Amino acid sequence: MKYTLICKKCGAVIPSFKEWFEENQVCPKCGSNHAEVQYHADYRQLEDLLAKDADSFWHYFDYLPLEHKENIVTCKEGAIPIEEWDFLERYAKEKHNIDCRVMVYRNDLNGGTNTFKDVAAALAAAIFKENGIKEYCIASTGNTATAYSKYLSLVGIQFTVFVPDCVSQDTIEAIQSHGQKVVVCQGDYAFAKKQAADFHHNHHVLISAGNIDPIRVEAKKTMVFEFLRQLGKMPDVYIQAVSGGTGPIALDKGVREIRDFYPEITLPQMYLVQQDTCDPMVQAWETAQKKGFPEGYEKNYPVIPNPQTIVSILSTGNPGMFPIIAPIVKKSNGTFLRVEESKLIDWAKLVKKEKNVCLGPASIVCLGGFFKALEDNKIHNGQTILINTGEGADRARDFAAKVTENE
Ligand SMILES: Cc1ncc(COP(=O)(O)O)c(C=O)c1O
Ligand SMILES: [Zn+2]
C-alpha cells in the first residue's frame with residue numbers, strides 16, 4: 001500500500017480506504033470521522049513532476065490514495081491554467097497605489113463540469129472503482145452534486161443527491177442528465193444534509209464525509225502542487241469563496257504533507273470570502289477578533305437558518321467547519337471577508353468585458369474578495385495574489401443572462 005489513513009483524533013492507523021469504508025468512515029478506535037491520508041512516498045520526486053507539463057491532477061498519482069493506475073477516471077481536471085489578469089493589477093495600482101501580481105486559477109475550465117469540484121469527483125470515482133463501491137449519496141448545494149453525478153456515472157455507481165430547495169433548475173437538470181437521482185429537499189442545506197444522513201442510515205449507502213472527507217481533501221490538496229508547478233512558488237495571498245471549507249482544509253493539508261521535504265514552503269495568507277446574505281463565518285471571525293481570539297473562540301459561531309441568497313452554491317448557513325477552518329486562517333495570518341451580493345452582477349460584467357468570460361456567482365464572490373481586501377489595506381506591494389475562481393456560469397443561466405444583458 002502506498003498510503004494509510006491516520007485518525008486525526010487518536011492517531012489510529014486505518015490501512016486503506018477499503019477498511020475505512022468497512023468501518024463506515026469512522027475511526028475503529030475512537031469513532032472520530034476525521035482521518036487524513038499519509039503516504040510512504042519520497043517527495044524528492046515531486047521536483048521532477050513540477051518541471052513537467054500536466055494534463056490533469058493525476059499527474060500527481062504517486063501522492064494520491066489510489067493503488068492501480070487502471071482505475072483512474074478522468075475528464076482532464078485539475079491542471080487548469082493560472083492566468084495573470086492584468087486589468088486587476090491595473091485596478092490595484094490606479095485605485096490603491098498597490099503593485100501586485102494577480103493570478104487567477106481558472107477552475108471554471110475544468111474538463112468535467114467546469115468547477116473546482118471535478119478533482120474530488122474524479123478521485124472519488126477512481127477510489128470507489130478500486131474498492132468495489134456500487135452506491136453513494138451526498139448532500140450538496142450543487143457543484144459537488146453535479147461533479148459527482150458525472151464522474152460516478154462514468155464508473156456505473158448509483159448515486160443519490162440531496163439538494164436544498166434554493167438550488168437552480170439548471171443544476172437539477174445537470175444532475176439528472178447523468179442518469180442520477182436528485183431529491184429536492186423542502187428546506188435549506190442543513191435540512192438536505194439531515195435527509196441525506198437519514199438515507200445513509202436507513203439504506204446503508206455510503207455517504208460523503210463532508211468537507212473533511214479525505215477523498216475531497218486529497219484531491220484538492222493537489223492545488224498546492226499546481227501552484228508550485230505553474231507559479232514556481234506559493235502565492236502570498238490565497239483568495240477563495242468559502243461555504244463548507246474543503247478548499248482551505250486541503251491547502252493546509254498539502255503544505256503539511258510536503259513540509260519535511262520543502263520546509264521553505266508555507267501557507268499563503270488565506271482570505272476567505274462570503275457574500276453578505278450568508279456570512280456566518282465572517283460574523284464568527286469578527287466576533288472573535290473583537291474579543292481578541294479568546295480560548296475556544298473557534299467554537300463560537302452563529303447559524304443562519306434558511307439563508308436567502310442568489311448564490312445557492314454558497315448557502316451554508318450552519319458553518320460547522322468553522323472550528324477547523326478558523327485556526328488555519330489564523331495561523332496563515334489571513335482573514336474572512338464580506339462582500340455585497342448586490343455588487344456581483346457589476347463585477348461579473350467587468351470580467352466579461354475585460355476577459356470575455358462569464359464566471360458563475362460563487363467565482364464572483366471570490367473576485368469581490370480581492371476588491372474588498374484592497375479596500376481594507378490587506379494587500380501589499382510586491383505580493384502575488386491567487387484568486388481561486390471555482391465555477392463557470394453554465395448552471396447559473398439567470399445570473400449569466402443578467403451579466404450579458406445590454407451587451
Ligand atoms: C464555485 C465554488 N466556490 C466556492 C465553494 C466553496 O468551497 P469550500 O468547500 O472550500 O468552502 C464551492 C463549493 O461549495 C464552489 O462550488
Ligand atoms: Zn481515532
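What you are looking at is a predicted structure, and each value in this text was computed from that prediction instead of being measured. Both ligands and their constituent atoms are indexed starting at 1 by order of listing.
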When the ring centroid of [X] is compared with that of [Y], is the distance short of 6.0 Å?
X      : Y      : value
Trp85  : Phe370 : no
Phe57  : Phe225 : no
Tyr105 : Phe116 : no

Region of [X] that comes within reach of ligand 1 [heavy atoms, distance under 4.0 Å]:
X      : result
Val242 : both
Thr115 : neither
Val365 : neither

Of all residues at least two apart in sequence or in a different chain, which pass the side-chain hydrogen bond (donor to acceptor under 3.5 Å, both in side chains) check with Tyr262?
-> Glu47
Can a salt bridge be assigned to the pair Arg338 and Glu286 using a cut-off of 4.0 Å between side-chain N and carboxylate O?
->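 Yes, this pair counts.
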Under-4.0 Å salt bridge between Arg106 and Glu83 | yes
So, is [X] polar-close to ligand 1, with some N/O to N/O distance under 3.5 Å?
X      : answer
Gly244 : yes
Phe116 : no
Asn143 : yes
Ser243 : yes
Gln240 : yes

List the closest protein heavy-atom neighbour of atom 8 (P) of ligand 1: residue, atom name, distance to the nearest 0.1 Å.
-> Gly245 N, 3.3 Å
Nearest non-hydrogen protein atom to atom 9 (O) of ligand 1, with distance, is Thr246 N, 3.1 Å
CG/Asp376: more than 12 non-hydrogen atoms of other groups inside 6.0 Å | yes
Return yes when atom NZ of Lys331 has more than 12 non-hydrogen atoms of other residues, nucleotides or ligands closer than 6.0 Å, and no otherwise.
->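 More than 12 heavy atoms, drawn from other residues, nucleotides or ligands, come within 6.0 Å of this atom.
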What's within reach of the Zn ion (ligand 2), meaning protein N/O/S atoms under 2.8 Å?
->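 You should have found Cys7 SG, Cys10 SG, Cys27 SG, Cys30 SG.
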Would you mind listing which atoms of ligand 1 come within a distance below 4.0 Å of any non-hydrogen atom of Gly390?
-> 1 (C)
Below 4.0 angstrom from a heavy atom of Glu391, which ligand 1 atoms are there? Numbered from 1 as shown, please.
-> 1 (C)
Judged by non-hydrogen atoms, does Ser363 sit under 4.0 Å from ligand 1?
->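 It does not; every heavy atom stays at 4.0 Å or beyond.
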Leu314 near ligand 1, heavy-atom distance under 4.0 Å?
->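 Checking ligand 1 against Leu314, which is what was asked, there is a heavy-atom contact under 4.0 Å.
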N/O donor-acceptor pair under 3.5 Å between Ser332 side chain and Leu267 backbone = no
Do [X] and [Y] touch side chain to side chain, with heavy atoms closer than 4.5 Å?
X      : Y      : answer
Ile324 : His34  : yes
Trp58  : Val119 : no
Thr144 : Ile138 : yes
Tyr63  : Glu257 : yes

